[in-house]
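In what follows, a structure is listed as structure tokens, so that the remarks can point back to it.
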Amino acid sequence: MKKNILTGERPTGKMHLGHYFGSLKKRVELQDEYNMYIIIADLQALTDNFDNPDKIRENIKEVVMDNLSVGIDPKKVTIFIQSMIPELAELTMFYSNLVTISRLERNPTIKTELKQKKAIFGNNGESVTYGFLGYPVSQAADITLFDGEVVPVGEDQLPLIEQTREVVRKFNSIYGETFFEPIGLVGDVARVKGLDGNDKMGKSLGNAIYLSDSLEVIDKKIMGAVTDPNKIKKDDPANPNKCMVYYYHKLVNNNHPTVCSECKKGLRGCVACKKELIASMDSFLKPFREKRAFYENNPTLVDEIIKDGTNRARIKAKEKMKEIKKNMKIDYYQ
Ligand code: TRP
């Protein structure tokens, strides 16, 4: 029997290179070996976008198409929408007894996000909702309802996996062996830096290359990428480690070793180097764009993939919920 993987994302925008190297690439590699579920976490997205439901709705298909574009095979992988599985809400409620508020406040992922929110709202967190603070509990439900044993995610998600493991241990110790303790699996490149040199590529940071970016957009973004500020003239020697162009050459250009030595010796001007990267980036992303275009032109096919996946996910969810209720002794009149 194949082991289960559960992974997924919030539908808040299109996916970028950070998502690809952090998690999507691993998914594609593992889709044969594992029984894989991909959750489109609309309810989780609403925890901090509850006042912007259009944004979440509009991005569901975008995120699904991003997954399909990089090679996720909908025949092998079950892609489903979180809010269409009511058992997830039930399990979140059951788990809410097993997690303390102080533990949630100490969760490093939540802590970072709360800091960012306080910076945005400029208050002492009075606007932090119960739903937002509790989203790790809901994520624990996502993973465990589908018997997820392995969770390919970006590095920032590891504290959420740890939180899930704690919930599982507590649940199993009280109600008997019911769930696996999942392990998080981070891609070979844990974190992809942004075009501006920021440690993290992020939607909200405006420093991302999206998987669906056109050649024109890639061109513009790479021409504006951060390079070694000490290199003024095109034949000045420079430090490639201070240069985002070199950084992306390493990610997507197999011939990158010459880039480094030529740059250090002043044999490579930044404009030529950027042009070369634009070409490499474009050939790297082109197959994704082409596959995406196929689905964009067949929107009902994408709907079918989501509906079919959600139906399959509901069958699994119902089955697991029976076992959970039995173990919790709330399986009345069944
Ligand atoms: N928290 C993830 C994100 O921000 C989305 C997500 C929801 C998820 N449920 C999950 C990821 C379960 C892995 C497993 O994108």
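As the structure lists them, so they are numbered: ligands from 1, and atoms in each ligand from 1.
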Q. Can a donor-acceptor pair be found between the side chains of Thr178 and Asn327 at a distance below 3.5 Å?
A. yes

Q | Taking atom 9 (N) of ligand 1 as the reference point, the nearest protein heavy atom with its distance | A | Asp142 OD2, 2.7 Å

(Q) Give me the residue, atom name and distance of the protein heavy atom closest to atom 11 (C) of ligand 1. (A) Gly8 O, 3.4 Å

Q.
To check your reading of the model: name the closest protein heavy atom to atom 2 (C) of ligand 1, its residue, and the distance in Å.
A. Gln157 OE1, 3.3 Å

Q) What's the shortest heavy-atom distance between Lys193 and Tyr248, and which atoms? A) O-OH, 2.6 Å

**Q.** Atoms of ligand 1 close to Val153 [distance to a heavy atom under 4.0 angstrom, numbered from 1]
**A.** 13 (C)

Q) Can you tell me if Thr310 and Arg314 form a side-chain donor-acceptor pair at under 3.5 Å? A) no

**Q.** ligand 1 to Tyr135 polar contact by distance, N or O atoms, under 3.5 Å
**A.** no

Q: Check ligand 1 against Val151 and write out every atom of the ligand that is under 4.0 Å from a heavy-atom position of the residue.
A: 13 (C), 14 (C)

Q.
Please tell me whether Tyr95 and Thr144 have a donor and an acceptor in their side chains that are separated by less than 3.5 angstrom.
A. yes

Q: Look at atom 6 (C) of ligand 1 and say which protein heavy atom is nearest, naming residue and atom and giving the distance to 0.1 Å.
A: Gln139 OE1, 3.5 Å

Q.
In the structure I gave you, are the side-chain heavy atoms of Pro287 and Lys291 within less than 4.5 Å of one another anywhere?
A. no

Q | Phe80 and Phe146 aromatic ring geometry - parallel, tilted or perpendicular at 30°/60° bounds | A | tilted

Q. Does any N/O atom on Glu9 come nearer than 3.5 Å to any N/O atom on ligand 1?
A. no

Q: Could you tell me whether Arg10 sits above the aromatic face of Tyr135, with NZ or CZ closer than 6.0 angstrom to the six-membered ring centre and within 45 degrees of the axis?
A: yes

(Q) Students should be able to answer this: which protein heavy-atom is nearest to atom 12 (C) of ligand 1, and at what distance? (A) Leu6 CD2, 3.4 Å

